[in-house]
Amino acid sequence: MGKILDVDLTTRTIKEIPLDYEVARKWLGGKGLALKILYDELKDLEAKGIAPEDIDPLGPENVLVFATGPGTGVPGFPSPGRYHVMALKSPLTGSIGSANSGGEWGPYLKFSGFDAVVIRGKSETPVYIAIVNGKAEIRDASDLWGKNTFDTNRILKRRIGGKNTSVACIGPAGENLVLMACIINDEHRAAGRTGLGAVMGSKKLKAIVVSGDQKVPIANPDKFKEASAKWIKAMRENSVTGQGLPKYGTAILVNIINQHGMLPYKNWQTGVNPNGEKISGETLESKYLIDRRPCWGCQIGCGRVSKVEKGPYQILYTEGPEYENIWALGSSTGVDNLEAIIKANHYCDELGMDPISLGSTIACAMELVERGIIPEEDLQGLDLRFGNDAALVEAVWRTAYKSGFGKYLALGSKRLAEIYGHPEYSMSVKGLEMPAYDPRGAKGIGLEYATSNRGGCHVTGYTISPEILGIPEQIDRFATEGKAKWVKTFQDFTCVVNSTVNCLFVTFALGVDAYVELLSAITGWDLTSDELMTIGERIYNLERWIMVKYGFSAKDDTLPKRLLEEPMPEGPSKGHVVELDKMLKEYYELRGWVDGKPTSEKLKELGIEI
Amino acid sequence: MVKVKVLFFATLRDQYGVREIEINFDGTLRGFFSELARRISPKIKEELFDENKGNVRENVIFLVNGINLKFVGGNQVRFKDGDTVAIFPPIGGG
């Protein structure tokens, strides 16, 4: 759309900044554009004498960027309904904040006239931002403060009106600065990880509403139409994007990962869940699924709509749960009651929290309780033991309101475990709780967790695809040789996807050549695969360079001791640990990094100004 | 002859109305699928097994005791008494 909205909540000023097309060519959009904006911000702060390590993630100097890319909101682009959010610093990890979400908000930001929104400063009173067909206003949100995300969404949609209207907001968790608070849009879609909801909360920013009917320009409509037809056909014919994901969603992974003996159970004490079937995608589909809900323009439609008819965990309409959510709230906590998991997941959406970090933090607490490390009196009646489904659901509310033991859960597992003197029971990397694949059963994902810039993350380099799913080819999950190349390639390509901003699931069917063709037609640029992958590598390196300024280095590219030193005790992955050092050495060589840091030669090669 | 437990997941359950069976066969991959065809339906063999290549179709996840078939001998695998086979159609996730 050619415009970026820049909002300063301290001075209550709004500016429109033209999108520099040279910047767009170099950084593509989405995550890349957001990162470039944040890097310029960081350099400004340094020039003002504020050292990067001193930036308070909950202070006014933190900056949030919501960004779309050239593919977002383009009808006929593969799964174009997503946006990317970044913060200069995550309150949970102290590294860069980064999250991605689906639904409608990303396309509707574009239809409202803007490619990205930058949020600076801090308001003294609760506000929301309304962006309607090219005009933006900061408005009073005192009547919304305290409301959950569902009510906030409905009130603001009614208030703004219009057909293409979407709300991204925080719930009570974000307002209360819970460190794993997230941003919820369209009621059940989440920019989930790294605590960006708390950043919004610290700025007293309740919501951003977008609305409009502006058309997204396409440079070569005929070429785009041809490319779109070709690649959408490929997606429909692909067994994953055309069949598996639409029918079962992501929850189908529960049984697959469990059968490989790497579904983390009871805070990663083992990879075999004896009750996996009860919380599987097959069980979800047969007992609770009532519909599918695709994101805007998506041809896959993996979103689930579920219902629990009756009982203590009744919920008559909810979306999800996804695989990661079922795992974190279920397998990780030992809870095998899928109805309780669905309800807990629903509350995470309602109150605005990341279920992965929350579930893992609850599981960490459960292990600390069962080992006698957390005394009963600290729990204040919250009986956190593995498998206690009532305690799981209660814990979600206590965390959002920092009530009783919830004030400890609200800190995330790393701080919780440190407070109780046993940091080794936090299953996190760089403070971000790892998701649902035990790397003792797939060594490549272990390298990904250790090196992912935002912390323990799987999606930024999803080697589960070749290691378990056989896409694009089946590789040996227990091998360490060659894994570094897979991780690097996936990390760089995922940066391209997160900068295009469309859905990562497209890449089960399509490779970089599809992006070359589609993006060239939209932008009019003469892109090549090499150029796109270089953009991806550039983004990954800039992100890492900013982390270096925060004090991160090779010492932080590691995994919890449990995964490095405790052999998997049972099942098909029995006896394995993660031989991280071997893979890390190869990874740094491929990256051109020393001690986990990009060299000045590498930065220069990629055109990153130091 | 060997006796093996076979677990079916995802769309295979709905399509063929089966979650788990035990089969007796000659211990080879072809023998395995011939027995499945006989016990369940020729269609399941057609869906999962490439007759020309003598191997499981691409992107089908076929595990023997939790290890992908490719790493336990591929189409030269020799099943043993008591093995557990888990079969998934092509799947994605995140």
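First the proteins, then the strands, lettered A, B, ... as listed; each starts at 1. Because the structure is a prediction, the values reported are computed rather than measured.
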* Partner set under side chain to side chain contact (heavy atoms under 4.5 Å, CB included) for B/K3, not counting sequence neighbours -> B/E22, B/N24, B/D81
For [X], which atoms come within 4.5 Å of any heavy atom of chain B: side chain, backbone, both, or neither?
{"X": "A/L504", "result": "neither"}
{"X": "A/E322", "result": "neither"}
{"X": "A/I464", "result": "neither"}
{"X": "A/I475", "result": "backbone"}

State the [atom1]-[atom2] distance between [X] and [Y], to the nearest 0.5 angstrom.
{"X": "B/R13", "Y": "A/N255", "atom1": "CZ", "atom2": "CG", "answer": "5.5 Å"}
{"X": "B/F88", "Y": "A/I252", "atom1": "CZ", "atom2": "CD1", "answer": "8.0 Å"}
{"X": "B/K70", "Y": "A/E473", "atom1": "NZ", "atom2": "CD", "answer": "6.0 Å"}
{"X": "B/F9", "Y": "A/L253", "atom1": "CZ", "atom2": "CG", "answer": "12.5 Å"}

* May I ask you to list the residues in residues 37-54 of chain B that approach chain A closer than 4.5 angstrom, counting heavy atoms only, ordered by number? => none
* Tabulate, in ascending numerical order, the residues of residues 59-68 of chain B having at least one heavy atom closer than 4.5 Å to a heavy atom of chain A, or enter 'none'. => B/N59, B/I61, B/L63, B/N65, B/G66, B/I67, B/N68
* To do: List for me each residue that meets side chain to side chain donor-acceptor pair (under 3.5 Å) alongside A/S79, sequence neighbours excluded, and say none if there are none.
  => none
* To do: Determine, for B/R19 against A/E282, whether the closest basic-nitrogen to carboxylate-oxygen distance falls under 4.0 angstrom.
  => no
* Asked: Heavy-atom count around B/E58 CD within 6.0 Å, excluding the residue itself: above 12?
  -> no
* Would you say B/F71 and A/R477 make side-chain contact, with heavy atoms under 4.5 Å? -> no
